[in-house]
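Below, read A as the first sequence line, B as the second, and so on, with proteins coming before strands; counting in each chain starts at 1. The figures here come from the full heavy-atom set of this structure, side chains too, leaving out hydrogens, waters and symmetry mates.
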Amino acid sequence: MIEPLYIKSREGLSTGPNIGKSRTAVEYLARKIGLETLRSNFPILGISVRGKPLVYLDNAATTQKPQMLIDAVNRYYSRENANVHRGIHYLSEKLTDRYEEVRTKVRGFIGAKVDCEIVFTKGTTEGINLIASSFALPRLKQGDEILVTYMEHHSNLIPWQIVAQKSGAKLRVLPITDDGLLDLSYIDEFLSDRTKIFAFTYVSNVLGTINPVRDLTKRAHEVGAVVIIDGAQAIAHLPVNVQEIDCDFFVASGHKMYGPTGIGILYGKAPILSEMEPYQTGGSMILNVKLDNTIYAHIPHKFEAGTPNIEGVIGLGSAIDFLNSVGMYNISAYEEALVSYAYQRLLEVPGINIVGPFEPRTGVLSFTMDCAHPHDISQILDEEGIAIRAGHHCAQPLMERLGLPATARASFAIYNSVEEVDLLIKALHKVRKIFG
Amino acid sequence: MSSRGLYEKILLDHAKNPRNFKVPEVFDVKLEGFNPLCGDQFTFYLVFDGDSIEQVYFHGNGCAVSKASASILTTLLEGKSKREALNIIESFIKIMKTSPNEKIDEDKLGKMAVLVGVREFPVRIKCATLPWHTVEKIIQGETHSVVSTE
Ligand SMILES: Cc1ncc(COP(=O)(O)O)c(C=O)c1O
């Protein structure tokens, strides 16, 4: 469907011809990834809103869905529906195979060792809550510490607050620099043999910052802490390999990687998952049930109680097929160029303040304007058919640290183009005209 | 209605040069209003003179709609009795709950008229009503918590 791009690494790309942050450079890469064909695979990108062609720049909230996913889910409901792991009949057996094939696909996509390390969840939020309840809570005690960072989404903060409250462990928060990077000068102070859990985000959903996950994991393991990575904002934008990172847990959401809502991925190292108590109990997660005693199923089924989100799993499989068809290195290279162009262009708008570093970053671009509140910016952009997000982005402690009540956030995905960046900039000049 | 309709001249004027926008040296009660959706956060300060409101001040951070709405509110309540103030607030909140198609006699609304257009933008209604809810709570004697629109 989409012609693969034979770029093997980011290094290889940056030495290529005409690569830089100019418009031409981004357009060159756009041709390489076949952007026009790629866009035509997303039917929603063809619609108009408020009389203008949709410019969808709210991809950090959720991404749009490719036609192949819509078709696969349609086919599933029209021709393939049954329950999984239950019936001894044609449809159920076929569908169970497909369901499990998606698990294999996910394993390959994030570089896990074995299929049983992949648990299907509702999303990132449920994944973190599962780890907090089933792994952390039974193990932590007074004197232990949980470390998170200042740039966490509420979903990677509140579960840890609760574990701390219930277990008596202490919750600590690694500071960030004014540039929006983790302040690693504090790492030795915050990471010690008391630290039992280090939970941090791969990519900030406000700042766009890419954190040095391999390094952080290594440091955490040196003191014996278990590492949990929130991969919600990374999985669709960077090549992820959990074995290379060596993290103990990794969680992500299907809907932020061109897949359906209500489906998520939890990766956990097999020995750790095996030792954990189930999160929810009931059907599907058992081997043998007596009235007074139950033997649980092995991983991953131990963590998938009840009839799962089959539609979600089927859709997630299509989303991964889509991502693989473009190639994660191509995706990250293109998005990196696009966002550096956007960053540059934003800086040219008077009165703009970009919140977050120039690099290393993904396409999550937060900003404020001297003349207008983020909510008003978003309103004017909406009038132009441009969808961005305004607010605190479920990261209130971070906003407080930054001294900002809210930001406007444009977030890019693989189907966004330089033309769309230009439209954004044009609309921001309109904002200045109205409020300036 | 386009956003340009929302951001009318008078509304923009109040947003850019909000009236009574300061933390006063003396006041009788204050209360914070907070809209968790967009982070609008204003504190209102009231100075009473017996049963009537002498002055309303506000300070904080918010979008153009909430700021203008707060500014207009402070000018409307000056010198009103508590009863009158509550009536004004109640009528405003009631209007904001009506459908945008419902005709409203804008002449009767006075300064409130510029905010009526906000009804066309359902997600922004809370921005407009937050200041009013907050001040309503103050007059009703609730001074110990944060008023939230959620
Ligand atoms: C960094 C990060 N973590 C966690 C989440 C929560 O994801 P979900 O709402 O899909 O569970 C999000 C999504 O907003 C996010 O951006």
Heavy atoms of other groups near [X] [atom1], more than 12 under 6.0 Å:
X        : atom1 : value
B:Ile10  : CD1   : no
A:Tyr343 : OH    : yes
A:Glu400 : CD    : no
A:Asp178 : CG    : no
A:Lys426 : NZ    : no

Inset, instruction - Find the distance between CD1 (A:Ile380) and CG (B:Leu6) and round it off to the nearest 0.5 Å. - result: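 Interatomic distance, A:Ile380 CD1 to B:Leu6 CG, rounded to 0.5 Å: 7.5 Å.
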Inset, instruction - First locate atom CG of B:Asn35, then atom NE2 of A:His392, and finally report the distance between them rounded to the nearest 0.5 Å. - result: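 B:Asn35 CG to A:His392 NE2: 8.5 Å, rounded to 0.5 Å.
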Legend entry - B:Asp40 vs A:His373, side chain to side chain contact (heavy atoms under 4.5 Å, CB included): CA-CA, chis, key distance, verdict: CA-CA 9 Å; B:Asp40 290 347; A:His373 186 277; 3.6 Å; yes
Inset, instruction - Locate the shortest heavy-atom distance separating A:Gln379 from B:Tyr7; write the atom from each residue and the value. - result: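 For A:Gln379 and B:Tyr7, the tightest heavy-atom pair comes out as CB-OH, 3.4 Å.
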Inset, instruction - Write down the atom of B:Phe34, the atom of A:Gln396, and the distance for their closest heavy-atom approach. - result: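 What the structure gives for the nearest pair is CZ-NE2, 4.2 Å.
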Inset, instruction - Write out, in numerical order, the residues from residues 72-101 of chain B with a heavy atom short of 4.5 Å from a heavy atom in chain A. - result: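 Listed by number: none.
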Legend entry - salt_bridge(A:Asp376, B:Lys67) N-O dist < 4.0 Å: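 Answer for the salt bridge query: no.
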Legend entry - Residue among B:Gly60, B:Ala15, B:Ser66, B:Ala64 with most heavy-atom pairs under 4.5 Å to chain A: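 It is B:Ala64.
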